[in-house]
A.B. asks: 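Supplied in structure tokens, the structure appears directly below.
Computed from heavy atoms alone, side chains included, the values below leave out hydrogens, waters and symmetry copies. In this chain, residues are counted from 1 in sequence order.
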Amino acid sequence: MSTDRAPLPVPTVGDARPIVEEFARAARFAAVTATRPVDDLSAQLDADRERLARLRRHALAWRVLPLLVGQPIVTVASLRDVLEVPAMSAQRALGQLAEAGILHEATGRTRNRGWQHLGLLAILDDDAEQVRRSG
């Protein structure tokens with residue numbers, strides 16, 4: 001992996017300053033760049049909650065929604081395993097999320113389908129691109 005940054009200067013014995021300065025620079029960069037995607041992800045979930053407002057509050061789709069931040073592409077099997085629910089319940093939750101416009105079927109198949117959250121994927125892709133450009 002190549003970077004445009006110069007390597008750390010070789011410190012003289014007992015001189016930790018270059019290492020501390022580089023660590024501080026990296027920490028500032030991480031703090032600043034992490035704020036925007038967290039805010040964007042939170043706003044996306046808020047919008048999604050609005051879309052699910054008509055759904056009964058104990059519906060499984062409510063439990064799926066926050067999981068999508070960490071896994072924006074899901075299947076019936078993945079939800080069944082993670083949430084420990086029957087496949088039919090997972091399928092129903094995916095259908096509710098799709099009906100609300102939150103998830104979109106990605107495979108074009110009738111069996112073993114995959115569903116994706118395009119809004120979350122766009123945020124994550126944008127964040128990855130920002131990191132690549134600045135790195």
A.B. asks: Can you give me every donor-acceptor pair (side chain of residues 117-129, partner residue at least two apart or in another chain, under 3.5 Å) with its distance?
C.D. replies:
residue : atom : partner : partner atom : Å
H117    : ND1  : G119    : N            : 3.2
H117    : ND1  : L120    : N            : 3.0
H117    : NE2  : D48     : OD2          : 2.6
D126    : OD2  : R36     : NH1          : 3.1
E129    : OE1  : R132    : NE           : 3.3
E129    : OE1  : R132    : NH2          : 3.0

A.B. asks: Assess whether atom CZ of R54 is packed by more than 12 heavy atoms of other residues, nucleotides or ligands within 6.0 Å.
C.D. replies: no
A.B. asks: Between CG of L52 and CH2 of W62, what distance do you get to the nearest 0.5 Å?
C.D. replies: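 The distance works out to 4.5 Å.
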A.B. asks: Could you state the interatomic distance from CD1 (I102) to CD (E50), rounded to the nearest 0.5 Å?
C.D. replies: 10.5 Å
A.B. asks: Same hydrophobic cluster for L103 and L67, using side-chain heavy-atom links shorter than 4.5 Å among ILVMFWY?
C.D. replies: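 Linked within one cluster.
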A.B. asks: How many angstroms lie between OG1 in T107 and CD in Q116, if you round to the nearest 0.5 Å?
C.D. replies: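 With rounding to 0.5 Å, OG1 (T107) is 9.5 Å from CD (Q116).
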A.B. asks: Distance-only criterion, 3.5 Å: show the donor-acceptor pairs between side-chain atoms of residues 82-101 and protein atoms not counting sequence neighbours.
C.D. replies:
none

A.B. asks: Tell me, please, which residues at least two apart from A77 pass side chain to side chain contact (heavy atoms under 4.5 Å, CB included).
C.D. replies: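 Testing A77 for side chain to side chain contact (heavy atoms under 4.5 Å, CB included), a comparison that skips the adjacent residues, returns T75, R80.
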A.B. asks: How long is the gap from CG on D40 to OG1 on T35, to the nearest 0.5 Å?
C.D. replies: 10.5 Å
A.B. asks: Can you see which heavy atom on L55 is nearest to which on A59, and at what distance?
C.D. replies: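 Shortest heavy-atom contact: CG-CB, 3.7 Å.
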A.B. asks: What distance do R17 atom CZ and E22 atom CD have between them, rounded to the nearest 0.5 Å?
C.D. replies: 13.5 Å
